[in-house]
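Quantities reported herein were computed from a predicted structural model and do not represent experimental measurements. First listed ligand is number 1; within each ligand, the first listed atom is number 1.
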Amino acid sequence: MAKLAVNVDHIATLREARKINYPDPVTAAMAAETAGADGIVVHLREDRRHIQERDVRILRQMVQTKLILEMASTPEMLGIALNIKPNIITLVPEKRSELTTEGGLDIITHFNNIKESVKHIQNGGIKVSIFIDPNLDQIKHAHKMGADMIEIHTGAFCDALTEEMQEKEFARIVDAVKIASKLKLGVNAGHGLGYHSIKRFKGLSEIDEFSIGHSIVARATISGMEQAVRDMAALIKAL
Ligand code: PXP
């Protein structure tokens, strides 16, 4: 059965909008674990726009399932990660101007740099996943550089506007999953997955884990709205 890793970056996005100390992504991570999450994911970005180093350090102490740190393959991030020691590091591409991760890491172009990072991380006792597009050459290179697992970028499938495009993108994901599994790579998937698109993955049993953030945090804010208003209205009525 596939597992669910919950990304809590957006809780930190809300906190950083006010630059105060709530909502806290650590509290959200604890709630996610209580509800059955199999892992907690955070992306420590170079510009620290949401998750802060402090969050990752506290999560390392608090998370009871597994902590997955998404990060760029840079000397700064490698230093922080090897010190904090999450259970898994997912290497992702990163551009300052992007709203979110826009595509998989091109590990063919950056083969030597990424391979060196993979070895460095593994020597520190941490497993490495690489976020890549559902492209067979990229997957073969992930295997060649000794990654433990890959995370297949599902964004193009989730963003496809027509059924025809969706099916074309989903076929790419299926091919990618099958080849990765044949190469004995662990296979995860994520980006853009929501409460409808996840249903398409029924039967694709080679996927070990889905990494999902935006849709879960979005649903939490809406489904929690009534209770939040009720609580405040009750306090005002009691004034
Ligand atoms: N996987 C990776 C590598 C990501 O960068 C993200 C977004 O932070 C996700 C999964 C989760 O994507 P979403 O927030 O769209 O569910």
Using a 4.0 Å cut-off to any heavy atom of G192, which atoms of ligand 1 qualify?
12 (O), 13 (P), 15 (O), 16 (O)

What do you reckon, does L193 have a nitrogen or oxygen under 3.5 Å from a nitrogen or oxygen of ligand 1?
no

State plainly whether the residues K178 and E206 are in salt-bridge range, i.e. N to O under 4.0 Å.
yes

Measure the distances from the heavy atoms of T90 to every atom of ligand 1 and state whether one is below 4.0 angstrom.
no

How many angstroms lie between CD1 in I126 and CG in L82, if you round to the nearest 0.5 Å?
5.0 Å

Salt bridge present between E169 and R200 (N-O < 4.0 angstrom):
no

With atom 1 (N) of ligand 1 as the reference point, say which of H191, E151, R45 has the nearest heavy atom.
E151

Tell me: protein heavy atom nearest atom 16 (O) of ligand 1, and distance?
G213 N, 2.8 Å

For a 4.5 angstrom cut-off between non-hydrogen side-chain atoms, does K127 reach I89?
no

Please write down residue, atom name and distance for the protein heavy atom closest to atom 11 (C) of ligand 1.
S211 O, 3.8 Å

Look only at interatomic distance and state if H214 has a nitrogen or oxygen under 3.5 Å from any nitrogen or oxygen of ligand 1.
yes

Give the residue and atom name of whichever protein heavy atom lies nearest to atom 5 (O) of ligand 1, and the separation in Å to one decimal.
T101 OG1, 2.9 Å

Look at ligand 1 and say whether S215 reaches it with a heavy atom at a distance under 4.0 Å.
no

Only heavy atoms of V92, strictly under 4.0 Å: list the atoms of ligand 1 that pass.
3 (C)

Is the closest N or O pair between E70 and ligand 1 shorter than 3.5 Å?
yes

Which residues satisfy the ring pair (Phe, Tyr, Trp, His ring centres under 6.0 Å) test with H43, sequence neighbours excluded?
none

With sequence neighbours excluded, what pairs up with K168 under the salt bridge (charged side-chain N to carboxylate O under 4.0 Å, His left out) test?
none

For atom 8 (O) of ligand 1, what's the nearest protein heavy atom and its distance?
N7 ND2, 3.4 Å

Does a side-chain N-to-carboxylate-O contact under 4.0 Å join K119 and E116?
no

Would you mind telling me which of N83, N87, D55 makes a side chain to side chain donor-acceptor pair (under 3.5 Å) with R60?
N87

